[in-house]
Amino acid sequence: AVQADKRATLDLALDHLLAQAPARPVPEAIALPAASPFGSLQIDTGKCTMCLSCVGACPESALGDNPERPQLRFTEKNCVQCGLCVVTCPEDALALAPRLWLADSGKARKQPRVLHEMQPWACVKCGKPFGTQKAIEGMLTKLAGHSMFQGAALERLKMCGDCRVIDLHTNPNEVKITDL
Ligand code: SF4
Ligand code: SF4
């Protein structure tokens with residue numbers, strides 16, 4: 001059952017060895033030395049801002065998002081421990097954790113799992129979720145004293161992209177180019 005992709009062949013061999021392993025119960029995880037090509041990621045959820053830069057950096061699709069809500073997902077089987085996500089993370093929130101994870105007869109490492117998730121922000125006009133509560137609240141705090149973001153302009157930051165445009169073009173107090 002040799003595959004064109006070496007990693008897939010290695011996975012098949014691991015599945016076979018796991019099925020034949022004489023030691024029962026099989027340990028949930030085997031720690032591996034640094035620079036091993038299998039492993040997990042440790043995430044500092046207090047530092048992670050859900051910017052998803054690590055998802056874009058991962059060449060193996062081990063990291064992914066969830067289009068429905070702010071979530072960082074991880075499929076351990078795909079991770080080759082290259083460390084690109086670790087050096088890409090602007091918050092220094094990730095660390096490599098080399099191991100061979102054998103939970104659920106090796107099935108768990110093949111399933112995406114949630115590394116971190118946040119509450120989405122709900123648009124104050126239409127209720128549509130966008131961004132994260134943490135990110136929007138942080139932006140509101142930072143811009144509250146800025147002269148360009150007072151009154152309606154600050155309120156607009158709490159709206160989704162669609163409502164922001166509608167509000168901008170229907171607000172009678174907004175300065176129009178024809179008034180200048
Ligand atoms: S270590 Fe490499 S393969 Fe693993 S999640 Fe990070 S970028 Fe992807
Ligand atoms: S782990 Fe780092 S790069 Fe990934 S979403 Fe969190 S802050 Fe962004």
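First listed ligand is number 1; within each ligand, the first listed atom is number 1. This is a predicted model, so every value here is computed, not measured. All residue numbers in this chain count up from 1 along the given sequence.
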> Nearest protein heavy-atom contact for atom 2 (Fe) of ligand 1: which residue, which atom, what distance?
Replying inline: Cys82 SG, 2.3 Å

>> Strictly distance-based, threshold 3.5 Å: is any side-chain N or O of Thr9 a donor or acceptor partner for the main-chain N or O of Gln3?
In response: yes

> Do other residues, nucleotides or ligands put more than 12 heavy atoms under 6.0 Å from Lys125 NZ?
Replying inline: no

>> Closer than 4.0 Å to some heavy atom of Pro59 - which atoms of ligand 1 meet that?
In response: 7 (S)

> Hey, is the main chain of Ile166 close enough, under 3.5 Å, to the side chain of Thr170 for a donor-acceptor pair?
Replying inline: yes

> Just which atoms of ligand 2 are under 4.0 Å from any heavy atom in Leu52?
Replying inline: 5 (S), 8 (Fe)

> For atom 3 (S) of ligand 1, what's the nearest protein heavy atom and its distance?
Replying inline: Val80 N, 3.5 Å

> Among the protein atoms near atom 2 (Fe) of ligand 2, how many are N, O or S and lie under 2.8 Å away?
Replying inline: 1

> Where do Phe130 and Leu157 come nearest, in terms of heavy atoms and distance?
Replying inline: CZ-O, 4.2 Å

> Ignoring hydrogens and geometry, is there a side-chain-to-backbone donor-acceptor pair from Arg156 to Val165 under 3.5 Å?
Replying inline: no

>> Suppose I only count heavy atoms of Cys58 and a 4.0 Å limit; which atoms of ligand 1 are within that range?
In response: 3 (S), 5 (S), 7 (S), 8 (Fe)

> Against heavy atoms of Gln81, which atoms of ligand 1 measure under 4.0 Å?
Replying inline: 1 (S), 4 (Fe)

>> Out of the candidates Cys54, Cys85, Cys58, only one should pair with Leu41 under the side chain to side chain contact (heavy atoms under 4.5 Å, CB included) rule; please name it.
In response: Cys85

> Counting only N and O atoms by type, is there a donor-acceptor contact under 3.5 Å from the side chain of Thr75 to the main-chain atoms of Asn78?
Replying inline: no

> Looking only at atom types and distance, does a side-chain atom of Trp121 sit under 3.5 Å from a main-chain N or O of Lys158, one as donor and one as acceptor?
Replying inline: yes

> With Thr49, which residues qualify under side chain to side chain contact (heavy atoms under 4.5 Å, CB included), at least two apart?
Replying inline: Cys51, Glu91

> Taking the side chain as C-beta and beyond, is there a heavy-atom pair between Gln71 and Asp65 under 4.5 Å?
Replying inline: no

> Which ligand 1 atoms are under 4.0 Å away from a heavy-atom of Leu96?
Replying inline: 1 (S)

> Can Ser61 be said to touch ligand 1, with heavy atoms closer than 4.0 Å?
Replying inline: no

>> Please tell me whether Arg113 and Ser40 have a donor and an acceptor in their side chains that are separated by less than 3.5 angstrom.
In response: yes

>> Could you tell me, atom by atom, which parts of ligand 1 come under 4.0 Å of a heavy atom of Leu63?
In response: 5 (S)

> Which residue holds the protein heavy atom closest to atom 4 (Fe) of ligand 1, what is that atom called, and what is the gap in Å?
Replying inline: Cys79 SG, 2.4 Å

